[in-house]
Amino acid sequence: MSGGVEIPVRVVAIEQATPTVKRFSLAARDGAPLPLYSAGAHVVVAMDAADRRIKNPYSLIDRSPDGSTYRIGVLRTQQSRGGSAFMHEQVAVGSELTITMPVNLFPLNRTGRKHLLIAGGIGVTPIYAMAEELARQSVAYEIHYAMRDSAHGAFADELVARHGDRVRLYRDDCQEVIAVDRILPNQPLGTHLYVCGPEGMINAILAGGRAAGWPEENLHAERFLAPPGGSPFALRLAKAGITTEVRADQSLLEAIEAAGVDAAFLCRGGACGQCETRVVSADGELVHNDHFLSDDEKASGAKIMTCVSRLKGRELVLDL
């Protein structure tokens, strides 16, 4: 139901990649090799804070050749609800965490003739893995990476060193922008595009692809949303007969788990649809923050994605 098999891991190395990004190397506590995965996959990291258990998804950058470690990149966000702050401030070499088995909601299309990899900020983490996989397979690809400035371009130097002139970097402080109208038209038939980064950038890149006549099935994006906070509200789980509260700094899914209910999830970022739950009643307004439900489904008030959405009101009753 929840996230499948969990793997106890230990932090074996930490690198300060930029002033706001750390790269963590994770090894299984029992010394066993970590599972294989395909580029674009993520794991959910569980962190035991003083007052609650936090679970955040992070894309896998790579797996060591001997399978002993995974690496993830974590951005320290200013509006952190606790996860990124915990990773940056509380986690040290030797810290013990738990991760889920890798899940891939952002895979490469194996039939693609060419691949355009577009990243913004911390969205470079799955793009890094995709570039490595495509290089190993000798498939045509390009990397376009937008960043605030050179100091905040996580792993940019590595990408250039490993992929050479296939990489194009764009810096905000130099007024450089990804030239969608130049890059997207006239690509070979069968090219696929992959974009991960800030919401505005993703929307602009996808809009540019559609304007250039790209088929929808060739446009791929990953949007992992951090669940926003809000005012607390009462939560009743009708089947379980449990009443609890969703705190201001807590997601609906986290409150359900804290109440002892094993609720379904895969991405915890509003993208996969696994946590879709039927709403029995809502005394207030449902605040939908996901990218899975259609506008009509959101307007109906019959469903909610518990990982990122919540209630603005007094009480929410769910069919759980």
Side-chain angles (χ1 to χ4, degrees), residues 14-24 39-40 42 56-62 71-80 84-85 87-88 106 108 114-135 139-187 191-212 214 219-226 269:
I14 301 174
E15 171 198 350
Q16 189 77 49
T18 77
T20 56
V21 174
K22 285 186 177 182
R23 180 159 53 184
F24 297 83
H42 74 274
N56 282 2
Y58 297 108
S59 294
L60 289 165
I61 295 173
D62 57 24
R71 292 196 297 177
I72 60 172
V74 180
L75 172 67
R76 174 63 160 99
T77 59
Q78 291 183 347
Q79 273 74 45
S80 172
S84 76
M87 291 293 292
H88 276 251
F106 190 43
L108 288 165
K114 182 181 177 182
H115 303 267
L116 293 184
L117 310 178
I118 302 180
I122 196 60
V124 73
T125 51
I127 297 302
Y128 188 111
M130 288 176 166
E132 291 293 301
E133 189 163 312
L134 292 168
V139 178
Y141 64 97
E142 298 174 14
I143 305 168
H144 299 269
Y145 180 17
M147 63 197 72
R148 186 192 313 173
D149 52 45
S150 60
H152 290 84
F155 323 127
D157 290 344
E158 289 179 29
L159 286 171
V160 172
R162 299 177 73 86
H163 304 283
D165 59 8
R166 291 187 177 91
V167 181
R168 175 73 168 87
L169 304 179
Y170 306 82
R171 289 171 44 181
D172 292 348
D173 64 332
C174 295
Q175 288 76 54
E176 297 171 336
V177 296
I178 298 176
V180 175
D181 56 350
R182 179 181 59 81
I183 297 168
L184 299 188
N186 305 315
Q187 290 289 342
T191 301
H192 283 253
L193 179 149
Y194 310 83
V195 56
C196 186
E199 183 74 6
M201 189 196 83
I202 290 176
N203 291 338
I205 296 296
L206 295 180
R210 296 181 185 110
W214 286 55
L219 300 173
H220 313 278
E222 181 164 72
R223 312 169 188 258
F224 278 165
L225 303 175

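Just so it is clear, the model here is predicted, and its values are computed rather than measured.
In this structure, Arg166 satisfies the cation-pi test against Tyr141, with its NZ or CZ atom closer than 6.0 Å to the six-membered ring centre and inside 45 degrees of the ring normal.
Contact check for Ile122 versus Thr20: no side-chain heavy atoms found under the 4.5 Å cut-off.
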- Yes or no on side-chain contact (heavy atoms from CB on, under 4.5 Å) for Arg223 and Cys196, after CA distance, side-chain angles and deciding distance? CA-CA 7 Å; Arg223 312 169 188 258; Cys196 186; over 6 Å; no

- Message: Working note: His163 + Ile143, criterion side-chain contact (heavy atoms from CB on, under 4.5 Å); need CA distance, chi angles, decisive distance, verdict.
- Response: CA-CA 9 Å; His163 304 283; Ile143 305 168; 3.9 Å; yes

- Task: Please lay out, stage by stage, how Arg171 and Met147 fare under the test side-chain contact (heavy atoms from CB on, under 4.5 Å).
- Result: CA-CA 5 Å; Arg171 289 171 44 181; Met147 63 197 72; 4.0 Å; yes

- Message: One pair to check against side-chain contact (heavy atoms from CB on, under 4.5 Å): Arg210 and Leu219. What are the steps and the verdict?
- Response: CA-CA 9 Å; Arg210 296 181 185 110; Leu219 300 173; 3.8 Å; yes

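Side-chain N or O atoms of Ser84 include one that pairs as donor or acceptor with a backbone N or O of Thr77 at under 3.5 Å. At distances below 3.5 Å, at least one donor-acceptor pair connects side-chain atoms of Tyr145 with backbone N or O atoms of Ala154. Although no hydrogens or angles enter the test, the distance criterion places no donor-acceptor pair under 3.5 Å between the side chain of Glu142 and the main chain of Leu116. Judged purely by atom type and a 3.5 angstrom limit, Glu133 uses its side chain to pair as donor or acceptor with the backbone of Ala39. Proximity of a side-chain donor or acceptor of Trp214 to a complementary backbone N or O of Leu206 within less than 3.5 Å is not detected. In this structure, Glu15 contributes its side chain and Ala17 its backbone to no donor-acceptor pair below 3.5 Å. Within the 3.5 Å criterion, the main-chain N or O of Val74 finds a donor-acceptor partner in the side chain of His88.
Comment: Arg71 engages Asp62 in a salt bridge, judged by a side-chain N to carboxylate O separation of less than 4.0 angstrom. Between Arg162 and Glu132 a salt bridge is recorded (basic side-chain N to carboxylate O distance below 4.0 Å).
Residue-environment remark: CG (Asp157) stays at or below the threshold of 12 foreign heavy atoms within 6.0 Å.
Distance check: Lys22 NZ to Leu75 CG gives 12.5 Å after rounding to the nearest 0.5 Å. Interatomic distance, Ile202 CD1 to Ile118 CD1, rounded to the nearest 0.5 Å: 10.5 Å. Residue Leu169 holds its CG atom at 10.0 Å from OG of Ser150, rounded to the nearest 0.5 Å. Between atom CE of residue Met130 and atom CG of residue Leu134 there is a gap of 8.0 Å, rounded to the nearest 0.5 Å. Between the OG1 atom in Thr125 and the CD1 atom in Ile72 there is a gap of 9.5 Å [rounded to 0.5 Å]. Considering OH of Tyr170 and CG of Asp172, their distance stands at 12.5 Å, rounded to 0.5 Å.
Checking Glu158 against Tyr128 by side-chain atom types alone, a donor-acceptor pair falls below 3.5 Å. A donor-acceptor contact closer than 3.5 angstrom is absent between the side chains of His42 and Tyr58.
When all heavy atoms are compared, the tightest approach of Gly40 to Pro126 is CA-CB, 4.3 Å. Between Gly197 and Met201 the shortest heavy-atom distance is CA-CE, 4.2 Å.
Under the side chain to side chain contact (heavy atoms under 4.5 Å, CB included) test applied with Phe155, the options Val21, Val160, Ile127, Thr18 reduce to a single match, Val21.
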